[in-house]
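To start, the structure itself, in structure tokens.
Residue numbers start at 1 and run along the sequence shown.
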Amino acid sequence: MSQPNLEHLQSKTIEIRLKIGKIRDNMAVLHNVGAQIEKIDQQILNLIEQRVALWQEAVEEDPEALTAEHDAEAILFWVSEAEHRGFDEAGAERVGKAVISLCRKMGES
């Protein structure tokens, strides 16, 4: 193999190793971000679990305590907070309704 071809191959090898290094760095960052997101998801689920428990406690004390009016106020809170935080209001409304629905379903079981 001639000298210029060997230098070219060495240069390409270094270039490929640098690219592999960047890919590994990106994968490590993505893994770290994924772990952080999973931790937040776990916290969200823990909060929902707490909300369900409080909802069940309230209903046990007074079955009429949490009415459709209460649900509407809670959803309005979700939408208002979403607007204040710059979130999608329709999406926040759907999340609020889903959380309330989950509380009701868990309370029935």
Side-chain angles (χ1 to χ4, degrees):
M1 188 176 283
S2 68
Q3 191 64 22
N5 284 338
L6 180 59
E7 288 175 5
H8 177 73
L9 287 175
Q10 288 172 337
S11 173
K12 285 294 183 185
T13 301
I14 291 170
E15 184 180 321
I16 290 169
R17 286 183 179 163
L18 289 173
K19 286 181 181 180
I20 290 171
K22 286 181 184 179
I23 290 169
R24 284 186 180 147
D25 290 345
N26 288 340
M27 289 174 62
V29 167
L30 289 175
H31 175 72
N32 186 33
V33 168
Q36 289 176 17
I37 288 172
E38 187 175 314
K39 183 178 179 180
I40 290 169
D41 287 345
Q42 188 66 40
Q43 292 171 338
I44 291 168
L45 290 168
N46 289 340
L47 290 170
I48 291 171
E49 185 176 48
Q50 290 174 24
R51 191 184 196 287
V52 166
L54 287 172
W55 192 93
Q56 288 173 329
E57 185 180 312
V59 170
E60 285 173 9
E61 288 180 22
D62 180 4
E64 303 300 319
L66 299 174
T67 63
E69 183 179 315
H70 177 270
D71 292 352
E73 289 176 11
I75 292 168
L76 181 61
F77 173 78
W78 278 80
V79 171
S80 175
E81 281 295 308
E83 180 183 17
H84 175 73
R85 297 168 189 243
F87 293 167
D88 174 55
E89 295 167 41
E93 181 178 3
R94 287 190 300 275
V95 170
K97 285 180 178 179
V99 168
I100 289 168
S101 176
L102 182 61
C103 287
R104 288 199 175 279
K105 286 179 183 173
M106 294 300 295
E108 294 169 0
S109 52

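Among Gln42, Gln36, Gln43, the single residue meeting the side chain to side chain contact (heavy atoms under 4.5 Å, CB included) criterion with Lys39 is Gln43. Here the rule is side chain to side chain contact (heavy atoms under 4.5 Å, CB included) with Arg17, and of Ile14, Thr13, Ile20 only Thr13 fits it.
Using a 4.5 Å cut-off between side-chain heavy atoms of Ile, Leu, Val, Met, Phe, Trp and Tyr, with links allowed through other members, Phe87 and Trp78 fall into different hydrophobic clusters. Both Met106 and Val95 sit in one connected hydrophobic cluster of ILVMFWY residues. Membership requires side-chain heavy atoms under 4.5 Å apart, directly or through other members. Placement of Ile48 and Trp55 in two distinct hydrophobic clusters is found when ILVMFWY residues are connected by side-chain heavy-atom separations under 4.5 Å, directly or transitively.
Contact annotation: the side chain of Val52 never approaches that of Glu49 to less than 4.5 Å [non-hydrogen atoms, C-beta and beyond].
At most 12 non-hydrogen atoms from other residues, nucleotides or ligands lie less than 6.0 angstrom from CD of Glu69. Heavy atoms from other residues, nucleotides or ligands lying under 6.0 Å from CD of Glu81 number more than 12.
Here the straight-line distance linking atom CZ of Arg51 with atom CG of Leu47 works out to 11.0 Å at 0.5 Å rounding. Distance check: Phe77 CZ to His84 NE2 gives 10.0 Å after rounding to the nearest 0.5 Å. Between atom CD1 of residue Ile100 and atom NZ of residue Lys105 there is a gap of 13.0 Å, rounded to the nearest 0.5 Å. Rounding to the nearest 0.5 Å places CG of Leu54 at 6.0 Å from CD of Glu57. In this structure, CG on Asn46 lies 11.0 Å from CG on Asp41, to the nearest 0.5 angstrom. Of the inter-residue distances, the one linking Ser80 atom OG with Glu93 atom CD reads 12.5 Å to the nearest 0.5 angstrom.
Glu89 pairs by the side chain to side chain contact (heavy atoms under 4.5 Å, CB included) definition with Val79, Ala82, Glu83, not counting sequence neighbours.
Across all their heavy atoms, Arg104 and Leu66 have their closest contact at NH2-O, 3.0 Å.
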